[in-house]
Amino acid sequence: MSGVNTTFLGGHATKSGLPEARDRTQIDKIIQEASKGSKFYAFQQRREQRIAEKVAALQIKKTQLSTGYSKAEQETRKWLADAESRRILERTYLHIDMDAFFAAVEVLRRPELATVPMAVGGESMLSTSNYVARTFGVVAAMPGYIARKLCPHLIIIPPDYTAYRAAGAKVHEVLRSYDPNMSSFSLDEASLDITDYLARSSATPEEVTEELRGRVLRASNLTCSAGVGCSRQLAKIGSNVNKPNGQFILPPDPEKILEFLKKQPVKRINGIGKVTAKILEDLLKVVTCADIISQATWIRLLFSEIQSEFLLLSALGMGSAFGDGDGSERKSMSVERTFKKIDALSDMQVVLKKLCKRLAEDLLEEEWAGKTVSIKMKTAAFDTLTRAVTLENPVSTDEEIYKHASKLLSKNKPPDLRLLGVRLSGLTTDAPRYRCLDDFAHEPVERPSCPVCTQSIDAHPDDTLRINEHIDKCLVPQSNLVPQSKKPRRTLDAFFNKSGPL
DNA sequence: GCGGATCAC
DNA sequence: TATGGTGATCCGC
Ligand SMILES: Nc1ccn([C@H]2C[C@H](O)[C@@H](COP(=O)(O)OP(=O)(O)OP(=O)(O)O)O2)c(=O)n1
Ligand SMILES: [Mg+2]
């Protein structure tokens, strides 16, 4: 860390080894100067202070535990050897990650944007940036107006989720032909088990991956990067190695795997973010995955069993738990919005009511009810509070949700707010329970309607597969150069959720 | 079960 | 002028 008083939370990290139009310390300095004095900056400082205290507490714990170290050391080596003996090398996973996804979709419509610095988002927040902008230090989750200070010529494009969804659907279609059970975590990222595909083919993993990326490119006009390895985790880490528009194949060989991981910063592990990385470094000087193994005893002494098992297995490339992404049922549903600071309870109630209405609509769409109502409040100083109540019976209507949410709000009203949110958890399906089967038999099933063409779709309302197919078909013609349609846009953006008026 | 934190995208 | 939204998980009560 060099001269400038740079903060680990404030520094928007560049992605990987990109060439930089500016020096890293220069970038940090500009960001710092742009945010200094803001409420957000003060909030970050407080957070860093808390984390420093947490590290200090762990340091004390470490000195107190030092007597038991040598005994623990033996156990740890045994544990590691045992884990290693269980390594599975027989399956092959492919992780695919689209390059600068939202930005790349925008380039399809406006090819001239390919060569200039560009980001998707707004003045207050960017979702992503293209690779030209990244050389200036402009990255996702950075406010647009700060990005402009780093890169005065930056072009900022407002997001168009409809187009991203259409592009994602095309990609998914290709991927499913390699693994029908493919699980996608988002529109732009997916994990495939290609063991069976490889067994049926005579091609090498390299060739299959090249072919897959070629098919994705032809189907969507978008480039992607891919990683292949014998665990989903390794494949994912690999997908970043030769990004953008590249691929990396890690052979199923324990020595090669450990050699590969040795070079990887712990931050690359899915689940280790800025805070955990900082704690590991400050407390144990752990920076790479190899460091996790060499400090394994301390990690097991200092962290919970769940946490240390996760860290050690990850550092061996044997991380198991990884994106149930697609398959599992949702556990909660929520809506939240940021707005200009408000202080009156009545203003807060107005917002809260709208949020409840919106949540009730979303719940109805998937027929959920739930018995825990939570509200989330963020003060003008960025401090977040949540309050929850669990009810006897599940609720799902906006009136019922609002009744409890507003009670939570008035009981806990902070002096001011910049965000409010409502969440329902403890979900149960809200299938109509008070009618006998006969009613259903005679009732004409109402056809769902397509948010794009507004025609009714010839499918049962529960048949989401068929419905999505229809919507995807409707979306295809819009995805390229066609001017924005007027009506459907709002509806589908709402479907995608995120931002927008309530 | 509650509330704060952390994380991914 | 201005620092997002959704969903999940874990820890310590
Ligand atoms: N904090 C974030 C991170 C990402 N995204 C959105 C925009 C991205 O385009 C998309 C995919 O995220 P990635 O992390 O894969 O980033 P990109 O695909 O944009 O770039 P890369 O080429 O590094 O994968 O998710 C977002 O809205 N907010
Ligand atoms: Mg991507």
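Computed over heavy atoms, backbone and side chain alike; hydrogens, waters and symmetry mates excluded. Here the structure is a predicted model, which is why all the values come from computation and not from measurement.
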Is there a side-chain contact between [X] and the phosphate of [N], meaning an N or O under 4.0 Å from OP1 or OP2?
| X | N | result |
| --- | --- | --- |
| Arg423(A) | dA8(C) | no |
| Asn412(A) | dG3(B) | no |
| Thr390(A) | dC2(B) | yes |
| Arg358(A) | dG5(C) | no |

Which part of the nucleic acid, if any, lies within reach of [X] when heavy atoms closer than 4.0 Å are counted: base, sugar-phosphate only, or nothing?
| X | answer |
| --- | --- |
| Lys39(A) | nothing |
| Ile269(A) | sugar-phosphate |
| Ile51(A) | sugar-phosphate |
| Lys149(A) | nothing |
| Arg148(A) | nothing |
| Arg330(A) | sugar-phosphate |

Comparing Thr386(A) and Ala277(A) on DNA chain B - which has the more 5′ nearest nucleotide: Thr386(A)

Separation of atom [atom1] in [X] from atom [atom2] in [N], rounded to whole Å:
| X | N | atom1 | atom2 | value |
| --- | --- | --- | --- | --- |
| Leu359(A) | dG7(C) | CG | C1' | 13 Å |
| Ile96(A) | dC9(B) | CD1 | P | 14 Å |
| Glu392(A) | dG1(B) | CD | C1' | 13 Å |
| Lys236(A) | dC7(B) | NZ | C1' | 11 Å |
| Lys376(A) | dG5(C) | NZ | P | 9 Å |
| Leu427(A) | dA8(C) | CG | C1' | 13 Å |

Residues which pass side chain to side chain donor-acceptor pair (under 3.5 Å) with Arg330(A), listed by chain and number, not counting sequence neighbours: Glu366(A)

Residue list, side chain to side chain donor-acceptor pair (under 3.5 Å) with Ser239(A), at least two apart or on another chain: none

Taking only N/O atoms, report every protein-nucleotides 1-3 of chain C pair under 3.5 Å with atom names and distance.
residue : atom : partner   : partner atom : Å
dT3(C)  : OP1  : Arg418(A) : NH2          : 2.0
dT3(C)  : O4'  : Ser124(A) : O            : 3.2

Any donor-acceptor pair under 3.5 Å from Asp291(A) side chain to Thr288(A) backbone: yes

Would you tabulate the side-chain donor-acceptor contacts of residues 271-281 of chain A under 3.5 Å, counting partners in other chains and residues two or more places apart, or write 'none'?
residue   : atom : partner   : partner atom : Å
Lys274(A) : NZ   : Leu9(A)   : O            : 3.1
Lys274(A) : NZ   : Gly11(A)  : O            : 3.2
Lys278(A) : NZ   : Asp282(A) : OD2          : 2.9

Qualifying residues under ring pair (Phe, Tyr, Trp, His ring centres under 6.0 Å), relative to [X], sequence neighbours excluded:
| X | value |
| --- | --- |
| Tyr145(A) | none |
| Tyr93(A) | none |
| Trp79(A) | none |

Considering only [options], which nucleotide approaches the side chain of [X] most closely?
| X | options | answer |
| --- | --- | --- |
| Lys331(A) | dG4(C), dG4(B), dT9(C) | dT9(C) |
| Thr276(A) | dA8(C), dG7(C), dT6(B) | dT6(B) |
| Arg387(A) | dT6(C), dC9(B), dG3(B) | dG3(B) |
| Ser186(A) | dC9(B), dT6(C), dG4(C) | dC9(B) |
| Ser332(A) | dT6(C), dG7(C), dG4(B) | dG7(C) |

Parallel, tilted or perpendicular, as decided by the 30° and 60° cut-offs, for the rings of Tyr164(A) and Phe102(A): parallel

NZ-NE2 distance between Lys371(A) and His404(A), expressed to the nearest 0.5 angstrom: 13.0 Å

CZ on Arg358(A) to OG on Ser334(A), rounded to 0.5 Å: 11.0 Å

Heteroatom pairs (N/O) under 3.5 angstrom, protein to nucleotides 10-12 of chain C:
residue : atom : partner   : partner atom : Å
dC11(C) : OP1  : Ser304(A) : OG           : 2.2

C1' atoms of dG4(C) and dC7(B), separation to the nearest Å: 15 Å

Qualifying residues under side chain to side chain contact (heavy atoms under 4.5 Å, CB included), relative to Glu173(A), sequence neighbours excluded: none

Show me the donor-acceptor pairs within less than 3.5 Å that the side chains of residues 418-427 of chain A make with the rest of the protein, sequence neighbours left out.
none

Within residues 54-65 of chain A: residues closer than 4.0 Å to DNA chain B (heavy atoms): none

Show me the donor-acceptor pairs, under 3.5 Å and distance only, between side chains in residues 373-395 of chain A and residues at least two apart or in other chains.
residue   : atom : partner   : partner atom : Å
Lys376(A) : NZ   : Glu336(A) : OE1          : 3.3
Lys376(A) : NZ   : Glu336(A) : OE2          : 3.3
Thr379(A) : OG1  : Ala381(A) : N            : 3.2
Thr379(A) : OG1  : Phe382(A) : N            : 3.4
Thr379(A) : OG1  : Asp383(A) : N            : 3.2
Asp383(A) : OD1  : Arg46(A)  : NH2          : 3.4
Asp383(A) : OD2  : Arg46(A)  : NH2          : 3.1
Arg387(A) : NE   : Asn412(A) : OD1          : 3.1
Thr390(A) : OG1  : Thr372(A) : OG1          : 3.0

